[in-house]
Amino acid sequence: MKQRLAKLLQQAATALTESGVLSGDPPAIQIERARDPRHGDYASNLALMLAKQAGMPPRDLATLLVERLPADPIVAAVEIAGPGFINFRLAPAALHHTVTAVLEQGEGFGRSRAGGGQKVQVEFVSANPTGPLHIGHGRGAAHGMTMANLLQATGFDVQREYYVNDAGRQMDILAFSLWLRYLERLGVWHDFPENAYRGSYVRDLAVQLEREHGDRFRVEREALALLEDFTGDDDALLDAGIARMRELLGEEDFRLVHAFGLERILEGIREDLASFGVHYDCWFSERSLSEQGAIERALETLEQAGHLYRKEGALWFRSTAFGDDKDRVVVRENGETTYFASDIAYHLNKLERGFERVIDVWGADHHGYVPRVKAALQALGKDPARLEVLLVQFAVLYRGNERLQMSTRSGEFVTLRELCEEVGTDAARFFYCLRRCEQHLDFDLELAKSQSSDNPVYYIQYAHARICSVQRQLGEKGMSWKPGDGASTMDRLTDPRETALMKRLMTYPEVIEAAALNREPHLLPHYLRDLANDFHTCYNAVPFLVEEEALRNARLDLLQATAQVIRNGLSLLGVSAPEAM
RNA sequence: GCGCCCGUAGCUCAGCUGGAUAGAGCGUUGGCCUCCGGAGCCAAAGGUCAGAGGUUCGAAUCCUCUCGGGCGCGCCA
């Protein structure tokens, strides 16, 4: 609709340029929905923007523009208002056409080809497989999945990816923690380091490890004695413990325990995400990067371009040359590559896989890593703008007014699974997407569970269920109707509440496109709430199952279209649209 | 100390790329159930857009500073 109006203005502006009133390049034409209904439906500020160029007052220029505006049946009136706005008032036919279009296009209504098939990757969650997903990951999961759905709906070729950190120290610590819990079960050892993984899930894993492998990984108490009177700091203790574990078990058995922990936890993560309605096209292994020599290759490219240097025994990347605060180590003194080195190779790999654009959804606590990754891409000769990082703030759980504390240190946190069990996946998915991602999210469990209009999820689902209920009653009253029957009598919809509802339906495609292109999924839940409100208002004021068939069919078409758009929107959010509550 | 994000109604938040008298929901107050699901609807009150400058026809929106809150500043990931 916006584009159609913009085209009209474009033609008017061109006419003025030809007649010499305007000169120079016309600016991009801006059309926006009018906020105040008295200003019509859409408005453009074109005359205000061109006034200086034309050397005349905006209102006079607006008059000239309007005079040259081509006629269009969907435009009922054009007015000049305020300082020089050009306001468009749509003809009722435009609204009726929307209802028909929704019914014709069904699930396709709201989808577009704006993305032109461009290859985009969305990488999200990517939590270390060192424990179950918690409520913080849940927000990234909901946000990332919805973002991907939105991009797909707007014509992008989307790939969803999870980066599995299956290499590195954190996984080693998990393996070590698992082994210690295992030894604890065997009665060999009871000293558990403060900063190892303390969650109860590690104990559960130890039980399974023993069940499947017996005492294969048992060692004598004395072999671990050196850990008892270890003098270094906590981190050094873990490193010493891991080294000792490797030594005592041998590389093969160490790998076995390591892989056991990794696989079981990853399996749990996959299950949690699947039941949360989150599915991936690719689970990308960090370890595969080093196995394929991708890290070496990336570092070599940087080396050849002169972006690396040695200092204090380590190899550094001069990221400050590309806007970072400080240079970063890529190879440690001990010869191991850093996580950052993997990340460089990983992002290079993404671009080499042919993605025009790569979107990473990270927790906001990682914001400091953005400049260095972008710096690396630039140093590798890639356009850093092809990487977009969406930083998702944490979610804080409330039970009514009580704030639920969660502590990672003790390993006692609310898992995503627990959240879904308590409030259901529909509410969880919806609430997670309710706020702009850079906004802190207060997640009230009581509200999410409540079955009342306070709860936006139920409010929207209820609207859908109500429409289905009306349709069920058709048969009971001996009436018949099928979608599209009202197409020829849509002009019978004249109630202002019906008009408001139709206008709302008309803006849905714009909302989807804006949400996708601006990376603002939260627009969708807000839109759906407004839509549900328009529906409930209409429902309360207008009887649908009236005797007169022409009017009834038109109204039922409008209801059907409303239900369809609710379904389409909820589906992008991963929320169900029940036919009865 | 430096960097990033946030600050809008009592509460939780919208406000699209700078546009017209800053909007919703909850809460509060007051109405509406012989009627398709009252799990709902309608109305009212409620604002120095944290504060101060600046940019311009126009600023909640862009720039600078101050204040307040969150996060980050590892040869961890």
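Residue numbers start from 1 in every chain, and the chains themselves are labelled A, B, ... in the order their sequence lines are given, proteins ahead of strands.
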Atom P, compared across B/rA14 and B/rG53: separation rounded to whole Å:
28 Å
Next item on the list: Determine, answering yes or no, if A/Phe85 is stacked on B/rA20 under the 5.5 Å centre rule and the 30° plane rule.
Entry: yes
Open item on the list: Check this for me: does the side-chain of A/Asn87 come within 3.5 Å of the base of B/rA20 through a donor and an acceptor?
Closed with: yes
B/rU56 -> Watson-Crick or G-U wobble partner, both distances under 3.5 Å, gives none
From CG of A/Asp442 across to C1' of B/rC6 the rounded distance in Å is 13 Å
Which of B/rG25, B/rC57, B/rC5 is nearest the side chain of A/Arg529? It is B/rG25
Exercise for review: Indicate, with a heavy-atom threshold strictly under 4.0 Å, whether A/Lys326 touches base, sugar-phosphate, or nothing.
Suggested key: sugar-phosphate
Expressed as a whole number of Å, how far does the P atom of B/rC63 sit from that of B/rC26?
35 Å
- prompt: Is there a donor N/O on one and an acceptor N/O on the other, under 3.5 Å, for the side chain of A/Asn45 and the base of B/rG19?
  reply: yes
If I pick the P atom on B/rC6 and the same atom on B/rC36, what distance separates them, to the nearest angstrom? 48 Å
A/Gln170 atom CD is separated from B/rG74 atom C1', nearest whole Å, by 12 Å
| Does the side chain of A/Arg436 get closer than 4.0 angstrom to OP1 or OP2 of B/rG15 through an N or O atom? | yes
* Asked: Is any side-chain N or O of A/Thr537 closer than 4.0 Å to OP1 or OP2 of B/rC42?
  -> yes
Next on the checklist: Students often get this wrong, so: under 4.0 angstrom with heavy atoms, is A/Leu523 touching a base, only sugar-phosphate, or nothing?
Outcome noted: sugar-phosphate
Of the candidates B/rC36, B/rU17, B/rC75, the side chain of A/Val470 sits closest to B/rC36
Checking B/rC36, B/rA20, B/rU17 against the side chain of A/Ala43 (C-beta onward), the nearest is B/rA20
A/Glu438 has its side chain closest, among B/rG27, B/rA20, B/rC6, to B/rC6
Q) Hey, is A/Glu123 close enough to A/Lys350 for a salt bridge, meaning N to O under 4.0 Å? A) yes
ask   = Is any side-chain N or O of A/Tyr459 closer than 4.0 Å to OP1 or OP2 of B/rC41?
value = yes
For B/rC36 and A/Arg555 - does any side-chain N or O of the residue sit under 4.0 Å from the phosphate oxygens OP1/OP2? no
Q: Would you mind classifying the nucleic acid contact of A/Val542 as base, sugar-phosphate or nothing, using non-hydrogen atoms under 4.0 angstrom?
A: base
Rounded to the nearest 0.5 Å, the OG atom of A/Ser576 sits from the CZ atom of A/Phe430 at a distance of 12.0 Å
Original post:
Taking the same atom, P, in B/rG23 and in B/rG47, what whole-Å distance lies between them?
Top reply: 14 Å
Of the candidates B/rC36, B/rG72, B/rC57, the side chain of A/Asp365 sits closest to B/rG72
Considering only heavy side-chain atoms of A/Gln439, the closest of B/rC16, B/rG7, B/rG19 is B/rG7
| Should A/Asp534 and A/Arg504 count as an ion pair when the cut-off is N to O under 4.0 Å? | yes
(Q) So that I can tick it off, tell me whether A/Asp343 and A/Arg372 are bridged by a salt bridge, with the cut-off set at under 4.0 angstrom between side-chain N and carboxylate O. (A) no
| message | Assess whether a salt bridge exists between A/Glu498 and A/Arg555, defined as any Lys/Arg side-chain N lying under 4.0 Å from an Asp/Glu carboxylate O. | response | yes
Closest to the side chain of A/His522, out of B/rG70, B/rG15, B/rG19, is B/rG15
Practice problem: Give a yes/no answer on whether the side chain of A/Gln471 brings an N or O atom under 4.0 Å of OP1 or OP2 in B/rC36. | Solution: no
(request) Using the C1' atom as the reference point in each nucleotide, state the distance between B/rC33 and B/rG27 in Å, no decimals. (result) 23 Å
- Task: Could you work out the separation of B/rU64 and B/rC5 based on their P atoms and round it to a whole Å?
- Result: 11 Å
* Asked: How would you label the contact of A/Ala314 with the nucleic acid (heavy atoms, under 4.0 Å): base, sugar-phosphate, or nothing?
  -> base
Practice prompt. For A/Gln451, report the nucleic acid contact type (base, sugar-phosphate, nothing); a contact means any heavy atom under 4.0 Å.
Written response: base
Students often get this wrong, so: under 4.0 angstrom with heavy atoms, is A/Tyr458 touching a base, only sugar-phosphate, or nothing?
nothing
- Are A/Lys311 and B/rC75 close enough that a side-chain N or O sits under 4.0 Å from OP1 or OP2? no
The reported gap from CG in A/Leu302 to CD1 in A/Ile344 (rounded to nearest 0.5 angstrom) is 5.5 Å
inquiry  = What's the gap between B/rA24 and B/rC65 when it is taken at their P atoms, as a whole Å value?
reply    = 36 Å
| At under 4.0 Å between heavy atoms, what does A/Ala541 touch on the DNA or RNA strands: base, sugar-phosphate, or nothing? | nothing
Checking B/rG38, B/rU12, B/rC75 against the side chain of A/Arg466 (C-beta onward), the nearest is B/rG38
Salt-bridge present (A/Glu548, A/Arg492; N to O < 4.0 Å):
yes
**Study point:** Sugar-phosphate only, base, or nothing, as touched by A/Glu336 at under 4.0 Å among non-hydrogen atoms
**Key:** nothing
The nucleotide from B/rA20, B/rC41, B/rC36 with an atom nearest the side chain of A/Leu545 is B/rC36
In whole angstrom, give me the gap between the C1' atoms of B/rU29 and B/rG72. 46 Å
Q) Is any side-chain N of the basic residue among A/Asp485 and A/Lys482 closer than 4.0 Å to the acidic one's carboxylate O? A) yes
| field | Side-chain donor/acceptor contact of A/His367 with base of B/rG3 under 3.5 Å | value | yes
Next on the checklist: OP1 or OP2 of B/rC41 versus the side-chain N and O atoms of A/Asn533: is any pair under 4.0 Å?
Outcome noted: yes
